Amino acid sequence: MRMRFQDKVIIITGAAQGIGEVYARGLAAEGASVIVADLNAELGEQVAEKIRADGGEASFVTVDVSSPESTAALAIAAVSTYGGIDGLINNAAIYGAMKFDLLISVDWDYYQQFMAVNLNGALLMTRAVYPHLQQRGGGSIVNQSSTAAYLYSGFYGLAKVGINGLTQQLAHELGGMNIRVNAIAPGPTDTEATRIQAGEAAKELVKGLALKRLGTPTDMLGAAKFLLSDDASWVTGQVLAVDGGQTFRL
Ligand code: NAI
């Protein structure tokens, strides 16, 4: 039986662990050739190896999403390995090891580096990849936002507000090339990074959700597969909250 993502080449940034790893494994399980792209080469190589051991197709490529040179090199590596690119998930972010500080006092160099990764990284990756999607007749880009965009959460939330805006703007710039751009806004999701960030506070957060549990990376995977697939062929510029009912917008 033909699998949903057979013959599709999909890059997932920040795929060395957490939600990105589950995206890479889940897409490979449905036939995609996946590029596991991350700054962390040790963990990233392990993810690609695990996928291959399970019978999937995966390659690891080191990337720093805040660098124009590095993102361009990643796109070239993907094309030279698999012959083209059909999809991109902009999932990489500084999250687990993020500093706690206020917008009015955060160290300026740290803030600029944070935005370079958590906001501009998605734009740089898109700039590097879109000509290759166009060459295949179109494609799908999924940006990883957060419900933090709708809540008070300082510069982390501000970067995610930017991701939502980028999603809407790029949907228009790329729509004429049949490239769709959407975002997923996860609510609090059980990853190692969340355990470091939120710790015991995560239990309190859960009380405020309509569905009384943390999200799992697998909850996000279903949304990502939908947005990457032809089932979403007339869906673009949207931010899909996968958050157990944490937020709502009218
Ligand atoms: P994580 O910290 O486990 O994974 C992030 C990955 O990004 C890491 O492997 C890290 O090495 C990589 N990375 C960081 N800077 C990079 C750079 N400059 N270039 C390339 N790779 C880089 O985080 P987690 O929990 O899996 O989250 C993944 C995404 O989901 C992030 O965008 C995060 O903001 C978002 N998110 C997570 C939520 C959660 O509760 N876990 C909730 C809402 C959104």
Side-chain angles (χ1 to χ4, degrees), residues 11-26 35-48 60-75 88-99 110 112-125 128 142-151 153-164 166-167 183-199 201-203 205-206 209 213-221 223-224 239-244 246-247:
I11 297 176
I12 302 111
T13 69
Q17 59 199 310
I19 300 171
E21 173 178 356
V22 171
Y23 284 160
R25 293 167 70 96
I35 310 281
V36 174
D38 206 290
L39 209 48
N40 188 329
E42 197 187 333
L43 291 183
E45 289 281 11
Q46 285 173 22
V47 170
F60 172 75
V61 180
T62 304
V63 71
D64 176 355
V65 296
S66 68
S67 154
E69 294 75 22
S70 178
T71 51
L74 167 59
L88 165 67
I89 306 185
N90 284 313
N91 166 78
I94 299 169
Y95 169 56
M98 173 175 69
K99 280 187 191 170
Y110 182 80
Q112 303 240 61
Q113 177 57 19
F114 189 90
M115 288 297 174
V117 175
N118 285 33
L119 173 55
N120 292 335
L123 178 55
L124 281 175
M125 278 303 307
V142 177
N143 295 325
Q144 189 83 330
S145 181
S146 169
T147 53
Y150 312 124
L151 305 165
S153 51
F155 49 86
Y156 178 74
L158 180 60
K160 296 302 192 187
V161 168
I163 288 286
N164 292 354
L166 198 62
T167 301
I184 295 171
T189 304
D190 191 18
T191 62
E192 185 59 33
T194 293
R195 275 167 238 140
I196 294 165
Q197 261 313 316
K203 288 190 183 135
L205 262 174
V206 163
L209 308 183
R213 64 168 175 86
L214 287 176
T216 65
T218 307
D219 290 320
M220 306 308 141
L221 174 63
V239 182
L240 175 57
V242 183
D243 68 350
Q246 183 187 25
T247 59

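Computation of the quantities below employed the complete heavy-atom set of this structure, encompassing side-chain atoms and omitting hydrogens, waters and symmetry-equivalent molecules. Please read these numbers as outputs of a predicted model, since none were measured by experiment. Read the numbers this way: they start at 1 and go in the same order the structure lists the ligands and their atoms.
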Test side-chain contact (heavy atoms from CB on, under 4.5 Å) on F60 and V47 and set out the steps.
-> CA-CA 8 Å; F60 172 75; V47 170; over 6 Å; no
Before signing off on this row, confirm whether K160 and ligand 1 have an N or O atom pair separated by under 3.5 Å.
-> yes
Among V36, N118, D38, T71, the residue with a heavy atom nearest to atom 9 (O) of ligand 1 is D38
Proximal ligand 1 atoms for T194, defined as those under 4.0 Å from one of its heavy atoms | 39 (C), 40 (O), 41 (N)
The one among Y156, Y95, F114 that brings a heavy atom closest to atom 34 (O) of ligand 1 | Y156
If we only count N/O pairs under 3.5 Å, is P186 in contact with ligand 1?
-> no
So which protein heavy atom does atom 18 (N) of ligand 1 come closest to, and at what separation?
-> D64 OD1, 3.0 Å
Over all heavy atoms of both residues, which pair between A159 and F114 is shortest? Give the atoms and the distance, please.
-> CB-CE2, 4.2 Å
Separation between CD (Q17) and CD (Q46), nearest 0.5 Å, reads 10.5 Å
Quick one: does L39 get within less than 4.0 Å of ligand 1, heavy atoms only?
-> yes
Any atoms of ligand 1 less than 4.0 Å from a non-hydrogen atom of A193? List them with their elements.
-> 1 (P), 2 (O), 3 (O), 23 (O), 25 (O)
Ligand 1 and N40, any nitrogen or oxygen pair closer than 3.5 angstrom?
-> no
Atom of A149, atom of V161 and distance for their closest heavy-atom approach | O-CG2, 3.4 Å
Please step through side-chain contact (heavy atoms from CB on, under 4.5 Å) for the pair S146 and Y95, ending with a clear verdict.
-> CA-CA 11 Å; S146 169; Y95 169 56; over 6 Å; no
Are side-chain N/O atoms of N143 and T167 paired as donor and acceptor at under 3.5 Å?
-> yes
Ligand 1 and V65, any nitrogen or oxygen pair closer than 3.5 angstrom?
-> yes
Which option, A148, S145, G18, owns the non-hydrogen atom nearest atom 44 (C) of ligand 1?
-> S145
Which heavy atom of the protein is the closest neighbour of atom 5 (C) of ligand 1, given with residue, atom name and distance?
-> A93 O, 3.8 Å
Heavy-atom closest pair (A241 atom, T247 atom, distance to 0.1 Å) is CB-OG1, 4.3 Å
Please indicate whether any nitrogen or oxygen in S146 is less than 3.5 Å from any nitrogen or oxygen in ligand 1.
-> no
Going by the order shown, which atoms of ligand 1 are within less than 4.0 Å of some heavy atom of N91?
-> 28 (C), 29 (C), 30 (O), 31 (C), 32 (O)
Considering only heavy atoms of Q144, which atoms of ligand 1 have at least one such atom less than 4.0 Å away?
-> 29 (C), 30 (O), 32 (O), 35 (C)
